[in-house]
A.B. asks: 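Before we start, here is the structure in question, set down as structure tokens.
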Amino acid sequence: MVLSFGALVSIRWYRRLTISTSKLNNEYVETIVECEDCGKAVDASALPARCSICGGLFTIDAGLADRISADQLIEDGSLLSTTSGVWRYQAMLPRLPADAIVSRGEGRTPIYRDERLAAFGGVAQLGLKHEGQNPTGSFKDRGMTVGVSHAKSVGATVVACASTGNTSASLASYAAAGGLKALVLIPEGKISGGKLAQTIAHGALIVQVEGDFDVALSMLRSLTDELPIYLVNSVNPYRIEGQKTIVIEMMEQLGWLAPDVIALPGGNLGNTAAFGKALIELYQTGLIDTVPKLLTVQAEGAAPFADYFDSGFDRYEPIVAETVATAIKIGDPASIGRARKAIQFTNGIVARVSDREILDAKAHIDRCGIGCEPASAATLAGVRKLAGAGMIGPDESVVGVLTGHLLKDTEAVLTYHLGAGIDESGPLANRPISIPSSMDVLRNTVLDALSG
């Protein structure tokens, strides 16, 4: 269902005040929600979209102890903690009432290793952690289980997001599972069919906005300032808490031995911020001894953060984004400030790659039987580019994050492989062969193809 903004005025909800706490060593401590820029603290049960003093974003201090052992981190043996790769790490998350938690068994995603991809990337040790194997096919489910659960715990009845596709699919699913209404703003005509289909199927109210993602998010943030609607974009600090479990789980899978580099795509930069927060907390609590560099990779046509990095974080200018990687087609990232802090803390790098480099990297990932959507492949493309430039050493260990499933953007697959002409398709294009219904032709065609 697609409605205008005027239809939203009838939305009603109520808030139920709760205390948000975190459990550690059988003790409960109050969760502090405060502005990252000016330090203003707010009630965790009435979370605004931005700071009323400086307009900054909020962050969460869950009151972690100075030291945590791996056993303390994952000691909870509840059904939820054994099925969810997010709530497994409750000791590092804000504590929410058990009856408010909405989970679909998210997380527990694999790290794939393939020598062919390591060779393509130019490094000896490469792992790809595939977040596309979450319930709705993207990493967004990790943040959504925490964000929607917090919304439910405070009595929200309507949750909302602006989206290029994956966030909307995840929000629609988790809202439906939690019995909440979902409102989604999407840039008109600029979302893949697979992602839109998920959002429609799960029953969200979909509003198409003239303009790009940045326009949609700006309008939604203004709307949530006026109406009692719970915003679940990555400006929401509870989303960041869920997304940081990608890195926590990664470190557990690696035996708490941090790689030299963690690479990820950069769009709205919520993951860059979340990864930085996770690494700070893991290091401060003693779960890891060294801090890996973060490598955030943007598409050339949507690289305002890379421009900012190149200026020494001196000049930031939003742009009008354009890239085939629609999941990172964002020209004015909402998490720019906290992403900068993550890069600075980890002595990280921000790089840019072309759409051709993204699609060729994606084709290599797909050919190894793993598969991903275009934005995910920016990870491998960035590793390859920096390794070729000597900015990542050949002996350094790298774990890249694939953020979305292959089927999230089948249009990109078909365009790459079935371009209108040979020159328009990629170097690894796999074009079907058409033949007449003749056994001789079939036999010769197959023999010729398999002998190549």
A.B. asks: Is it true that Arg88 and Glu252 have a side-chain N and a carboxylate O under 4.0 angstrom from each other?
C.D. replies: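 Looking at Glu252 together with Arg88, the answer is yes, because their closest N to O distance falls below 4.0 Å.
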
A.B. asks: Looking at Asn236 and Tyr238, would you say the former's side chain and the latter's main chain have a donor-acceptor pair under 3.5 Å?
C.D. replies: yes

A.B. asks: Is the side chain of Asp214 donor-acceptor paired with the backbone N or O of Gly331 at a distance under 3.5 Å, no angle test?
C.D. replies: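 Looks like yes, one N/O pair under 3.5 Å.
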
A.B. asks: Can you tell me how far NZ of Lys293 sits from CG of Asp260, rounded to the nearest 0.5 angstrom?
C.D. replies: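 Atom-to-atom, Asp260:CG and Lys293:NZ are 9.0 Å apart.
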
A.B. asks: One thing to verify: whether Lys329 and Glu322 come together as a salt bridge, which I'm taking to mean a side-chain N less than 4.0 angstrom from a carboxylate O.
C.D. replies: yes

A.B. asks: Of all the heavy-atom pairs spanning Leu428 and Tyr416, show the shortest one and how long it is.
C.D. replies: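 Distance-wise, the nearest heavy atoms are N-OH, 3.3 Å.
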
A.B. asks: What do the steps show when you test Lys385 against Val297 for side-chain contact (heavy atoms from CB on, under 4.5 Å), and what is the final call?
C.D. replies: CA-CA 10 Å; Lys385 189 168 190 175; Val297 186; over 6 Å; no

A.B. asks: Using the side chain to side chain donor-acceptor pair (under 3.5 Å) criterion, which residues pair with Asp355? Sequence neighbours excluded.
C.D. replies: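 Applying side chain to side chain donor-acceptor pair (under 3.5 Å) to Asp355 gives Thr323.
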
A.B. asks: His202 versus Tyr174: any side-chain heavy-atom pair under 4.5 Å?
C.D. replies: no

A.B. asks: Just checking, is any N or O donor in the side chain of Gln243 or Asn271 under 3.5 Å from an acceptor N or O on the other one?
C.D. replies: yes

A.B. asks: To the nearest 0.5 Å, tell me how far Ile358 CD1 sits from Lys362 NZ.
C.D. replies: 11.5 Å

A.B. asks: Please check if the side chain of Asp61 supplies one atom and the backbone of Val33 the other of a donor-acceptor pair under 3.5 Å.
C.D. replies: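 Judged by distance alone, no pair lies under 3.5 Å.
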
A.B. asks: Could you label the plane-to-plane angle of the Phe305 and Tyr308 rings as parallel, tilted or perpendicular, counting under 30° as parallel and over 60° as perpendicular?
C.D. replies: tilted

A.B. asks: Between Ser138 and Thr403, is any side-chain donor less than 3.5 angstrom from a side-chain acceptor?
C.D. replies: no

A.B. asks: Which heavy atom of Ala334 sits nearest to which heavy atom of Leu217, and what is that distance?
C.D. replies: CB-CD2, 3.9 Å

A.B. asks: Going by atom types only, do Ser354 and Glu300 share a side-chain donor-acceptor pair under 3.5 Å?
C.D. replies: no

A.B. asks: Please walk me through it: do Gln284 and Leu64 pass side-chain contact (heavy atoms from CB on, under 4.5 Å)?
C.D. replies: CA-CA 9 Å; Gln284 289 179 341; Leu64 299 179; over 6 Å; no

A.B. asks: Hey, what do you get for CG (Leu196) to CD1 (Ile206), rounding to the nearest 0.5 Å?
C.D. replies: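 The CD1 atom of Ile206 is 5.5 Å from CG of Leu196, to the nearest 0.5 Å.
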
A.B. asks: Looking at Asp409 and Lys195, is there a salt bridge between them, counting it only when a charged N and a carboxylate O are closer than 4.0 Å?
C.D. replies: no

A.B. asks: Does Lys129 reach the main-chain N or O of Thr109 with its side chain, forming a donor-acceptor pair under 3.5 Å?
C.D. replies: yes

A.B. asks: Against Thr199, only a single residue in Ser168, Ser163, Ser170 fulfils side-chain hydrogen bond (donor to acceptor under 3.5 Å, both in side chains); can you say which?
C.D. replies: Ser168

A.B. asks: Quick check against the 3.5 Å criterion: does Ser192 have a side-chain atom that pairs as donor or acceptor with the backbone of Lys408?
C.D. replies: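 The answer is yes, because a donor-acceptor pair under 3.5 Å joins these two groups.
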
A.B. asks: Spell out, as yes or no, whether a donor-acceptor pair under 3.5 Å connects the side chain of Ser149 to the backbone of Val146.
C.D. replies: no

A.B. asks: Can you name the closest pair of heavy atoms from Leu294 and Ala342 and give their distance?
C.D. replies: CD1-CB, 4.0 Å

A.B. asks: Any side-chain donor-acceptor pair under 3.5 Å between Tyr316 and Asp307?
C.D. replies: no

A.B. asks: State whether the side chain of Glu411 and the backbone N or O of Gly193 hold a donor-acceptor pair below 3.5 Å, judged by distance alone.
C.D. replies: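 Yes.
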
A.B. asks: Between Thr145 (side chain) and Arg142 (backbone), is there a donor-acceptor pair under 3.5 Å?
C.D. replies: no

A.B. asks: Side chains of Leu380 and Leu126: does their closest heavy-atom pair fall under 4.5 Å?
C.D. replies: yes

A.B. asks: Just by distance, with hydrogens left out, do Thr272 and Thr296 show a side-chain donor and acceptor under 3.5 Å apart?
C.D. replies: yes

A.B. asks: Shortest non-hydrogen contact from Gln298 to Pro304?
C.D. replies: OE1-N, 3.5 Å

A.B. asks: May I ask you to say whether Lys244 pairs ionically with Glu281, meaning some side-chain N is under 4.0 Å from a carboxylate O?
C.D. replies: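 Yes, charged N to carboxylate O under 4.0 Å.
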
A.B. asks: Where is the tightest heavy-atom contact between Ala351 and Leu295, given as atom of each residue plus distance?
C.D. replies: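 Heavy-atom minimum between the residues: CB-CD1, 4.1 Å.
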
A.B. asks: If I take atom CE from residue Met250 and atom CD1 from residue Ile288, how far apart are they, to the nearest 0.5 angstrom?
C.D. replies: 10.5 Å

A.B. asks: Any side-chain heavy-atom pair from Ile349 and Val261 closer than 4.5 angstrom?
C.D. replies: no

A.B. asks: Is the closest side-chain heavy-atom distance between Phe309 and Gln344 below 4.5 Å?
C.D. replies: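 Not touching, per the 4.5 Å side-chain cut-off.
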
A.B. asks: Rounded to the nearest 0.5 Å, what separation is found between the CG atom of Asn134 and the OG atom of Ser173?
C.D. replies: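 The OG atom of Ser173 is 11.0 Å from CG of Asn134, to the nearest 0.5 Å.
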
A.B. asks: In the structure I gave you, are the side-chain heavy atoms of Leu220 and Leu183 within less than 4.5 Å of one another anywhere?
C.D. replies: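 The answer is yes; the side chains approach within 4.5 Å.
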
A.B. asks: Determine whether Phe139 and Val401 satisfy the following criterion, side-chain contact (heavy atoms from CB on, under 4.5 Å), listing intermediate values before the conclusion.
C.D. replies: CA-CA 9 Å; Phe139 76 92; Val401 176; 5.8 Å; no

A.B. asks: Are the charged groups of Glu36 and Lys277 less than 4.0 angstrom apart, N to O?
C.D. replies: no

A.B. asks: Would you check if the side chain of Thr245 reaches a backbone N or O of Glu241 as a donor-acceptor pair within less than 3.5 Å?
C.D. replies: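 No; judged by distance alone, with no hydrogens or angles, the pair does not exist.
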
A.B. asks: Working to the nearest 0.5 angstrom, can you tell me the gap between Arg367 CZ and Leu117 CG?
C.D. replies: 12.5 Å

A.B. asks: For side-chain contact (heavy atoms from CB on, under 4.5 Å), just list the numbers for Val215 and Glu210, CA-CA rounded to whole Å, side-chain angles, deciding distance to a tenth of an Å, and then say yes or no.
C.D. replies: CA-CA 8 Å; Val215 172; Glu210 293 182 2; over 6 Å; no

A.B. asks: Does a donor on one side chain sit under 3.5 Å from an acceptor on the other, for Arg338 and Thr59?
C.D. replies: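 Their side chains do not contain a donor-acceptor pair, so the 3.5 Å distance test is not met.
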
A.B. asks: Is the backbone of Val235 close enough, under 3.5 Å, to the side chain of Asn233 for a donor and an acceptor to pair up by distance?
C.D. replies: no

A.B. asks: With a 4.5 Å cut-off on side-chain heavy atoms, are Ser84 and Tyr89 touching?
C.D. replies: no

A.B. asks: Is Leu93 close to Val86 at the side-chain level, that is, under 4.5 Å between some pair of heavy atoms?
C.D. replies: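 In contact.
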
A.B. asks: For Asn430 and Leu418, work out which heavy atoms get closest and say how close.
C.D. replies: O-CD2, 4.5 Å

A.B. asks: Return yes if a side-chain donor-acceptor contact under 3.5 Å exists between Thr157 and Lys181, otherwise no.
C.D. replies: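 Note: Thr157 and Lys181 side chains miss the donor-acceptor criterion.
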
A.B. asks: Angle class for the Phe120/His364 ring planes (parallel below 30°, perpendicular above 60°, tilted otherwise)?
C.D. replies: parallel

A.B. asks: Any side-chain heavy atom of Gln133 within less than 4.5 Å of one from Arg108?
C.D. replies: no

